[in-house]
Amino acid sequence: MQTSNNKQRALVLILTIVFFLIGIFLGKLMLTPATLTDMVNYHTKQIDAAGENVDMLFVGGSRTYRSFDPDIIDKELNIKNGLNNGSPAQRTIFSYYLLKEYLKKYDPKYVVIGSTYYGMMFEQAPDYMMYNIDRLSLKSQIEYAKVQYGLSQGLQAITGKALYLNNLWPAKMIENVKDKWKCAHGGSYLEEKIEMQPNGYKGEYKSLESGSVSYSYDTPKDVFREEDIDSKQLEYFDKMVQMCKERGIKVFLASGPCTISNIYRIDNYQGAVDFYKNYAEENGIYYYNLNYLKDREKYMPDELFIDRLHLNYEGGQYVSRMFAKIVKDEIAGKDTSHYFYKDLDDLKKHVHRIPSCACKLSYEDGMIRILADSTHNDDVKPQYRVLAYNGEEEGELKNLKVVKNWSYNNEWLINMDELRQYDFIRVQARIKNNNQPVAYDDGSLEKYKYENE
Amino acid sequence: MTLTSLVFVEFMLAVILAYFLVPKKFQWVIVLIANVVFYAVGGVKYLLYLLFTAGATYFGAIIFENINKESKEKLSQLETVEEKRELRAIYTAKKKRITFAIVLVVMGVWATIKYGNFVIDNLNVLFKNIHYDFQIGGLSLVMPLGMSFFTFQATGYMIDVYRSKYPAQRNFLKYFTFVSFFPHIMQGPFSRYDILGKSILEEHNFSYDRLCAGAARIIWGFFKKIVIADQIGISVDKIFNHYESYTGFNILCVIFFYAIQIYADFSGYMDIVCGFSNVLGIELQENFNQPYFAKSIDEFWRRWHMTLSQWFRDYMFYPISMSRVCQKIGKNARKVLGNKWGRLLPSYFALIFVWTCTGLWHGANWTYLIWGYMNFIVIVCGMHWADYYRAAREALHIKEGNPIWEGWRILRTFSLVALFRFFAVADTVSIAVGMIKRIFTNFQFQLIIDHPSKIYPGLNTAQFGLMVVGTIALVVVDILREKGKWEDVKRKTPLVLRSLIYALMMFVIFMVVPLAFEGGTGGFMYANF
């Protein structure tokens, strides 16, 4: 009887562990969507099967995989199998492990490391790691997780947090499995309005309206300070660069572009640029800040972005062509400085608009207080205007009313009764007598509409 | 080190391993080391408070035991009743003086840290109102982890020895192991020395049965805390922190959301600590008995945080109600107001102290005091008008045990408990009143119909759905426990299904638990009390 009871208990324990592991496996299969990782993994399998090499390798965050289309660069430089291994929020330590693993298999001529102003200042959020971790072998996953998070957190991250709560609906689960199947057997799947290529490049068919990039009124600017650089991140950055140099690989540090508005919202942005520039000079490698590409207001307007940080498909294609030209000239020993503005001040001289605007609404005893702010050059005095409307229909604002006309004022107190019939407030900012698009930001009136009704 | 962090799980496993690997006579030493390590992680300097409280009550108990021994010896030498009575009175007075001194010091330290700033703030408000230009500076003292729990527990031990309930523990390290027992130091239960202390010091063999039962209970505890409490807590926090941005309907919902959150949080914690202790073979008292099935507020407090209620009953209610002062009050009340008042007034008198202390024990805020008095009023009304309620029920021909009537009583009690908690949780009385007011002035049910996701701000539909499913599971388990069928159901559940359920719970916990660098989900709620 005792033996039988013990057998039962042992069986419960074993079955529980087995079911749990099955759950994790099924969860990864059904609850995680297909991502660029699936496509890149498929593509590298094809390269390996063909016994070919990867001539150019990219590592870095989202601005890397959205800014560089290896197919375009391959053609320009006459190389093969360029692979963009950028992934969401990829930070330096992960890049190091990724590069290390890929350099075991391939012998690239060029490595491009995506370099952002925040790239070495703080650690990657564990959630984001989940988008990328499957690009590493299990051994590297554990090693990386140990270094970045500590073993227990890392293991938890590897096994557990790859699961997306939003994908609990059966239809979505089936879709995930189908997409992964397509990736594994064809190297592609289609997501509406998104181009995802097996070479790791991703571009969206989406466009920002000029001036629509906004920011939160209360959020302070980001700051770059050299003393905030994380020593561990820097250590692994050095290791990455040295690893490439030892193999005779040419290293390019490249900052993928973001919107002008985003640059204006970073204190000491030039400090970050100088940091990478100096690093590149000291280490005999190359650095390009593609935010400083000349005539960017003409060739990289807001319409070529999907949000304040990332290029869209068209933008990525443009930057890829420019990057390819610059690298080609660099390799040929030509001067490439003429492609770029000298520094941030030089860039700002060529910005003749208000890049972005922010507004804040608050309710005070039956009144709505509206505060406005904007990013602009120091020698500019912006004007503001307040509109009220009821949503958008076919690109037009419904029931539009000009509540306050253009003025240099940036704070208003308006009776809620005047606004109760509207759903939104829009604050616009412009430079007077300038025919550039206005910047704007919207605030919702919904939660205030029911006050004291 | 929060109980739902991976670090704590690793710590638990290490303690279990060490506990059963060492010779049995040293098992209590492992527990002692684990206690010190656990507490020191929160800050070594806070160990001093723990040591001080343990030290003061340890010496107090030894002094009482010595006095008891001495008085017994001397009494046996006396012959007349008067002589014995006189001697007893001398020793009792001596013990009382010592008790008073030690309790004053131990509770005084606790009260200063916990209530010092509350008193100072209120004095400053008073000074301002009477136009007295003097303000007292605040104290910058941090409440050590679990101070409310270990202070009360240690004091209870000392009083038990005073009452000769059991002999004092003469080994300070063994006594300290009891006071500092790490699984229950943050949120209880309040354990009595004759149960927990005895259990810690006994030798325990490894038992696979206990391991399985303990592990299952720990998983259930994690599930309640992480999947139910933490998820619904997101919405609760959002609504409480900015109630003016939400509708009256939201506020009505949050009353019930909070009731679910606090039960899942607190009982989840209990399951984790009891499950862990069970694995070691150490007995912890239960703290919950399906409290939301209570049919009256009085009964609720016999089912919720039972060990706290028992502590106040044994160390406050009985001593006060049985005291000479109260007996005299009762006698006089009988003469003037009749038998009923004579019988009940001493209890009311004692209860007002109990509920003042219960309210303040939960927090240094007027809202907790009001919450305490709300409970007091309802309990006293229940006691006083019990006869009228019975008569009304009989007049309406409602039989005792009628399911609809019982169901109504359960719902009524749950609603009152949830509503009273409102005052406890709000930062100030005016916020609590403002929130209640908003239910009636800004209900906005139509907005919720148009946008159902506004019921659970901060959560997506999947998270809310998971929380609802978890809550249903909790209700089902509690119903089975209430009917005494839970053990039966567990036994009859097929092996494979049982394993699947455990695996599913673990899977959901993994899926929901957020990754924080410091490890673990948000802290447990009762750790703040």
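So you know, we letter chains A, B, ... as the sequences are listed, proteins then strands, and number each from 1.
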Bottom line for B:Val496: the part with an atom under 4.5 Å from chain A's heavy atoms is both
Per-residue contacts, residues 232-243 of chain B versus chain A, heavy atoms under 4.5 Å: none
Between chain B and each of A:Val12, A:Ile22, A:Ile14, A:Leu11, count heavy-atom pairs under 4.5 Å; write down the option with the most. A:Val12
Run A:Leu26 and B:Phe507 through side-chain contact (heavy atoms from CB on, under 4.5 Å) and show every step you take. CA-CA 11 Å; A:Leu26 285 176; B:Phe507 176 76; over 6 Å; no
Spatial distance of atom CG (B:Leu495) from atom OG1 (A:Thr16) [nearest 0.5 Å]: 8.5 Å
With sequence neighbours excluded, give me every side-chain hydrogen bond (donor to acceptor under 3.5 Å, both in side chains) pair touching residues 495-505 of chain B. none
Does CG belonging to B:Asp427 count more than 12 external heavy atoms closer than 6.0 Å? no
Counting heavy-atom pairs under 4.5 Å with chain A, the top scorer among B:Cys212, B:Ala503, B:Gly465 is B:Ala503
When every non-hydrogen atom of A:Leu13 is compared with those of B:Tyr208, the smallest separation belongs to CD2-OH, 3.4 Å
